[in-house]
Amino acid sequence: MKNIAVINGINLSPYACKVIAHNKSSLDLVVEYARNLPEIESIVLLTETGAEVSGSFKIYSNNFLSVRDLLLAVSELAEDYDNIFYFYADCPFLDLKISESMYKNHIKYFAEYTFADGYPYGITPEIIKTGILPSLIKLMGEGNKKISRDAFFELIKKDINAFDIETAISPEDLRLLRVSLSMNNRRNYLLGQRVVELGGSSASGISGILNKHGEILRTLPAYVSVQIVEGCPQLCSYCPYSDSLSGKTGKKGQMSLDKLDTIINKVKDFADDAVVNISLWGEPSLYPDIDEVIARITRVPGLDVMIETSGLGWSRELLERIRDKTNKMPTWIISLDAVTEPVYTGLRGEGFKEAIANTEEILRLFEGNVYVQAVRMKDNEEELEKFYRHWKSKLENVIIQKYDDFCGVLPDRKVTDLSPLKRFPCWHLKRDLNILLDGSVPFCREDLSKKNLLGNIFKDSIEEIWKRGEKLYLKHLKADYPELCLKCDEYYTYNF
């Protein structure tokens, strides 16, 4: 057999070139791993045009704008080879023994695609028989889908029964931890350093560390929600914040652009790839310079913007201005909750026709970056399937969100209890940061009364604020929950 190792180094993060273990970078360790793979005759690093990377391997540079570009490049490189080992250049913990076992089964069972399941990302490669590449290109068509880490598997899933697939199953399923051992950002690099410090090298050793030392998994905030405006155009029946608005709609206050800049700069300096949600307890369309807000955040390298909205208050001109001013498209989540006007009005109030019209316009201008959402509760359960089918015919991303009673503040309107049988530490304590209009930071979005503040973003450093939240997270690891947490079932929901 003649095999080729194709290493994806497209838009490689600087963290992949920083020392991580044994005085070597992730890229160094990955190339070392590649050299020892079975029957490897060539090692190629894919890079974007103009990248400055050198080493004892072949470099293939291209613009790589889409999955199609990736497939065509891999097909060209693998033309004279039987199998492809495919993995990323920022994964220093790739396990050679598991890879050899995967390859043995790949050959033994005449597999066309072999992958592993249940391991943290970054432990295993994908093995692809070169003969299926024309089929994958055909499945791709002329689409311009962006390259993702699961690009090959996503293509194969389109016609999964057409391929012979072999799977290596982890002895212990660690998918629930959502760990990525790729040194592609500061957060994962910090986790990688902690794993190395605790002696992690092999898959079994790393799995034991991740299970035993839950404290290392809380690294940096990944999801930062900011209240840039107070007030909404509706009084939703399931929103606990409506009471504070004295039953009146409209804007009650806003954060200045200068203060927002302060927050964004602090977030960027601390967590360089966070998702910034500008919709905490307020409708973003009420902010008079909302296009400038979105543009400023998207201009910061690494940060992404998420907009949760009722869909009200967005004119076509405003939406076009946002599209034209932003460096990269924001992500939209439009809360509609119903597909018929009577049910919508009962849940959210007036505005059904405007919300639908604006949703269609947002879909047109920000295609691929829009989600439509309904909160599942007793009041709309009967038409949720209709809601899902209606919007699924128009876009890929439809969210059915669980109902939140905010620790008993609201009536229990859940249709069913989705809580796991065994409780685990809260995702939001591990990954989220919430910043209110005055800069105060509650330990959690559920803390409506602000009884448990971590500090103020305008007075304290973001490092100090984040560190203060660690104490409560460590309590969760010991199954020691304060009163508010005991009443909460949001701990298993996940943002980013």
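One is the number of the first residue; the rest follow in order along the sequence. Scope of the values below: all heavy atoms of this structure, side chains included, with no hydrogens, waters or symmetry mates.
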Margin query: Once ring-ring contact (aromatic ring centres under 6.0 Å, His included) is applied, do any residues pair with Phe163, and if so which ones, sequence neighbours excluded?
Written below: none
Check: Considering residues, nucleotides and ligands other than Tyr109, do more than 12 of their heavy atoms fall under 6.0 Å from its OH?
Finding: no
Checklist line | Residue list, salt bridge (Lys or Arg N to Asp or Glu O under 4.0 Å) with Glu197, at least two apart or on another chain | finding: none
Compile the donor-acceptor pairs under 3.5 Å between side chains in residues 392-400 and protein atoms, sequence neighbours left out, one pair per line.
{"from": "Lys392", "atom 1": "NZ", "to": "Glu396", "atom 2": "O", "distance (Å)": "2.6"}
{"from": "Ser393", "atom 1": "OG", "to": "His390", "atom 2": "O", "distance (Å)": "2.6"}
{"from": "Lys394", "atom 1": "NZ", "to": "Glu360", "atom 2": "OE2", "distance (Å)": "3.4"}
{"from": "Asn397", "atom 1": "ND2", "to": "Val370", "atom 2": "O", "distance (Å)": "3.3"}

Margin query: Just to verify, what does Asp28 make a salt bridge (Lys or Arg N to Asp or Glu O under 4.0 Å) with, not counting sequence neighbours?
Written below: none
Just list the side-chain donor-acceptor pairs under 3.5 Å for residues 85-94, sequence neighbours left out, or say none.
{"from": "Tyr86", "atom 1": "OH", "to": "Asn8", "atom 2": "ND2", "distance (Å)": "2.8"}
{"from": "Tyr88", "atom 1": "OH", "to": "Asn8", "atom 2": "ND2", "distance (Å)": "3.2"}
{"from": "Asp90", "atom 1": "OD1", "to": "Arg149", "atom 2": "NH1", "distance (Å)": "3.1"}
{"from": "Asp90", "atom 1": "OD2", "to": "Arg149", "atom 2": "NH2", "distance (Å)": "2.5"}

Check: If you look only at pairs with a residue in residues 162-176, which of them pass as a salt bridge (Lys or Arg N to Asp or Glu O under 4.0 Å), with sequence neighbours excluded?
Finding: Asp117-Arg175, Asp173-Arg175
Notebook entry, point to check: If you measure from CG on Leu198 to CD1 on Ile209, what distance do you get to the nearest 0.5 Å?
Noted result: 5.0 Å
Item checked: Listed once per pair and sorted, the salt bridge (Lys or Arg N to Asp or Glu O under 4.0 Å) pairs that draw on residues 91-111, sequence neighbours left out -> none
Notebook entry, point to check: Residues two or more places apart in sequence or in another chain: which of them pass salt bridge (Lys or Arg N to Asp or Glu O under 4.0 Å) with Arg316?
Noted result: Glu361
Check: Partners of Trp332 by ring-ring contact (aromatic ring centres under 6.0 Å, His included), sequence neighbours excluded?
Finding: Trp314, Phe366
Margin query: More than 12 heavy atoms of other residues, nucleotides or ligands under 6.0 Å from NZ of Lys386: yes or no?
Written below: no
Margin query: With ring-ring contact (aromatic ring centres under 6.0 Å, His included) as the test, pick out the partner of Phe424 among Tyr492, Tyr491, Tyr473.
Written below: Tyr491
Notebook entry, point to check: Listed by chain and number, what are the ring-ring contact (aromatic ring centres under 6.0 Å, His included) partners of Tyr403, not counting sequence neighbours?
Noted result: none
Notebook entry, point to check: Under the 3.5 angstrom rule, does the side chain of His428 hit a backbone N or O of Thr493 as a donor-acceptor pair?
Noted result: yes
Margin query: Tyr371: which residues meet the ring-ring contact (aromatic ring centres under 6.0 Å, His included) condition with it, sequence neighbours left out?
Written below: none
Notebook entry, point to check: Of all residues at least two apart in sequence or in a different chain, which pass the salt bridge (Lys or Arg N to Asp or Glu O under 4.0 Å) check with Lys475?
Noted result: none
